[in-house]
There are 2 protein chains.
Amino acid sequence: MAATLHDVARIAGVSIKTVSNVINDYPHIRPTTKQRVLDAIAELDYRPNLSARSLRSGRTGVIGLAVPELSLSYFAELADAVIRSAERHGVTVLIEQTGGDRAREIELLTSPRRQLTDGLIFSALGMDSDDSEYLRVGYPLVLLGERIFGGPTDHVTMRNVDAARAATEHLIALGRRRIAVIGAHEGEVIGSAGLRLRGYREALEAAGIPFDPALIGYTTLWHRSNGADAMRALLASGVEFDAVFGLNDTLTLGAMRVLQEAGLRIPKDVAAIGFDDLDEAQYSLPTLTTIDPGREEIAETAVRVLLERIASTDLALPPREILADFRIVERESTAPAAA
Amino acid sequence: MAATLHDVARIAGVSIKTVSNVINDYPHIRPTTKQRVLDAIAELDYRPNLSARSLRSGRTGVIGLAVPELSLSYFAELADAVIRSAERHGVTVLIEQTGGDRAREIELLTSPRRQLTDGLIFSALGMDSDDSEYLRVGYPLVLLGERIFGGPTDHVTMRNVDAARAATEHLIALGRRRIAVIGAHEGEVIGSAGLRLRGYREALEAAGIPFDPALIGYTTLWHRSNGADAMRALLASGVEFDAVFGLNDTLTLGAMRVLQEAGLRIPKDVAAIGFDDLDEAQYSLPTLTTIDPGREEIAETAVRVLLERIASTDLALPPREILADFRIVERESTAPAAA
DNA sequence: GTGAAAGCGCTAACAA
DNA sequence: TTGTTAGCGCTTTCAC
C-alpha cells in the first residue's frame, strides 16, 4: 500500500498539516522540522495522491489538446510542440482527436472528460463562426486555427492572409504569372483555405495580374492524395500555369508528385511553394519552399496563455487574439536559377 | 456550482446510493425509480465528478501512451491508432514523449504522473534488455517495440526478422544481388535495427549471396536526414549496389532523395524497399514498396491487452508476447518492369 | 510555526 | 430493492 500523508506525519512526528506545508513549499517552516519531514518522505517513498489532490483542490495538472488527427503531420508536429512546452511548465497533456468533425468537436467541449483537465487547447476544424457560442464553456479554453474569429475565448493563430500573400509575391518575384492554387475550398471566406486564397488574390491584384478561376484547384480535405488529385484535374483541364501555391505542404507534396510524373520539372517548368514548413519539406525532391507559420511559437503561446487563464482569478479578463510571426523558408522548389 | 449526487438524490427523492446505482448500471432497480433518477440527472445536468470517483475507486479511465517523439510519423500514426482504439473502449489517452532517452524512459515508469493513468502502453527506445527489471512496476504495463524481450510484462511487437527477410527476398527475387542497407546500428543485436539486419542476412545466406559489410549504411537516428546522410556516404564510398533496403520508411525516403539527386533512377538503377508503411509511402516519387508491420493490429492489441490487465484480478497471469502479422506492400520502387 | 478537524464527491460494505 | 454510513487522501480554515 502506498504511503499517505498520515504515514509521513507519524514517522516525522508532526501533524499532516506540516507535511502538507512542506510538500506545497509553504515558506514558514522551521528548517529542522522541514528536514524531518523530508527524511520521512524519502524513507517511505511517499508520493501525493493526485486524485485526492484534485478532488480537494479542483486542479488536475493536466491540460487537454484537441486536434483533428495526429496522422496529419501538421498536427503531430503541433502536438509535439505543445507537449514539450507543457512539460516545461510541469503539466501533462491529454490528447483528443476530433477527426475535424463538427459534431464531435462540439461534443468534446462539454464531454465529462473535460473534468480530467484544467483547460483545453482546441484546434477547431469543423466548427465555424456561427458556432462560436459553443466556446462559451465554464473552463479555460484557448482556441487555435482559423475557423472562428472574435469568439469568446483567447485565440492563438497565424497571419494566414499576410503569409499567403507573401508566398504568392515570392512566386511573382520569380517572374511567374500563371499561379495555380491547390486546396481551395468552394465558397469559404474564413478558414485556412479561405484566408490563404484571399492572400493569394491580394498579391495578384497588387501586381496587376488578373485572377483566373481556372487556376484554382479545389479539394475537400488536405491529405496528400487530395493534392495529387487536384493537380491531376488541373493538368487534365489543359489550363496553363508556371507556378503552384499549395495551401499546405502535404497538398503541395502530393501535387509535386503528379507534376513530376507528367514530366514537368520543378522549379523550371513549374515553381512550387507550400505552407506549414513540415520537417518533410526539407527532404522532398526538390526541397520545398514554404511558409513557416510560427508553429513553435503558437504552441508555446497557447500553453502559456492557457496556464495564465487557469491561474487567474479574474474571469472578466477580455479574450485576447494573438498572432504568430511567419517567415518564408526558401528552398529548391522556387530556386531562381531555373526560372 | 456543479450538481452532486446529493442534489440528484434530493430532487429525485431517493438516497444517493440509488443514484449511484443508476449511474453505474446496477441491475436491480425498479424502473420507475430509475426513471425518476434519470429525470433528476437530466434536470440538473448532473455529471459525476471524476476526481472523486477515481479517489474512491482507484481507477481513472485514462491510459498512458509513451512514445519517443510524435513528430516521427511512425509514432504519430501509432498514437492515432491507439487513441482511436482507446476511444472505442471508452478510455482516454495521455501521451508522454521520451525523446527515446533511456533516463527519461526509466523516470517515466515511476513518475507521479502514472497515478493519472490506470496503465501504460510503453514504446521503449532507449532502454534495453539489461533494463528489463525496471519494467517490474506496480501497475499494468504493455511494452511495445523490440528493445526488450522476455521481460516481466505483456509485449506486443512485430515480426522484425521475418519481415526484413521477406523484404530482402523481395529484392533478390527481382534479380538484385548488391543490396545496400540504410539505418543499421553498430553492434546492435536486438532492437529494430539489429533484428531487421538479421533478417537481411538470413535472406542473403539463404540465397547464397555473400554478406558485404561495405553495403551497410550506419546511422544513429532514424530521421529523414540520417537516411540522406547514409546514402551520401555510401555513394561517396564508391561501393556498387543495385538495391537498397531502408530499415524504415523515413530513412528510405531520405535515401531515395539522394539517389535521385545523384541521377540514379528508382527502381531501374536501384530498387528500394522500406519498412513501416507510412501514409507517405503511397505518395513519394516513386511510390515506396514497404513492409506493413501491422501497426493497426499492434495498437488495437496493446489497448485490449492493457485493459484486460487492468480489469483482471489475477496478478499471476504470466506475461504474454504477441506478434502482429506483416505484409509486403508492393509499389513502384520495386516494380519489376524496370529491372 | 504547528496542530485539529472539516469536507471535496464518490463508492461500497452493510443494513433494513 | 433501497438507505445509511464510513472512508478514499488531500487542502484549508481556524486555533493555539
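Below, each value reflects all heavy atoms present in this structure, side chains not excepted, and no hydrogens, waters or symmetry copies. Numbers restart at 1 for each chain; the letters A, B, ... are given by sequence-line order, proteins then strands.
Dashed line: the shortest gap from a side-chain N or O of A:S15 to OP1 or OP2 of C:dA4 is not under 4.0 Å. Listed pair B:T33 / D:dT2 meets the phosphate criterion, a side-chain N or O lying under 4.0 Å from OP1 or OP2. For D:dT1, the OP1/OP2 oxygens have no side-chain nitrogen or oxygen of B:R30 closer than 4.0 Å. Taking 4.0 angstrom as the limit, A:S20 places a side-chain polar atom (N or O) nearer than this to OP1 or OP2 of D:dT11. Between B:R56 and the phosphate of C:dG9, there is no side-chain N or O to OP1/OP2 separation shorter than 4.0 Å. Contact annotation: A:T18 side-chain N/O to C:dG3 OP1/OP2 distance is under 4.0 Å.
Of the candidates C:dT11, D:dT2, D:dG9, the closest approach to any side-chain atom of A:L55 belongs to D:dG9. Listed nucleotides D:dT13, D:dC10, C:dC10 differ in distance to A:K17; the shortest reach to its side chain belongs to D:dT13.
With salt bridges taken as basic N to acidic carboxylate O contacts below 4.0 Å, none links B:E300 and B:R304.
Residue contacts shown for A:S51 are absent, as no nucleic acid heavy atom lies under 4.0 Å away.
In summary, the side chains of A:E146 and A:S192 do present a donor paired with an acceptor at a separation below 3.5 Å, with no hydrogens or angles considered. For the residue pair B:T92 and A:R113, a side-chain donor N or O sits within less than 3.5 Å of a side-chain acceptor on the partner.
Comparing B:V14 and A:R47 along DNA chain D, the residue whose closest nucleotide (by nearest heavy atom) sits nearer the 5' end is B:V14. Taking the nucleotide of DNA chain D with the nearest heavy atom to each of B:A52 and B:H6, the more 5' of the two is matched to B:H6.
Within 6.0 Å of atom NZ in A:K34, 12 or fewer heavy atoms from other residues, nucleotides or ligands are found, so the atom counts as exposed in its surroundings.
Computed from coordinates, the B:L116 CG to D:dC10 C1' distance equals 15 Å when rounded to whole Å.
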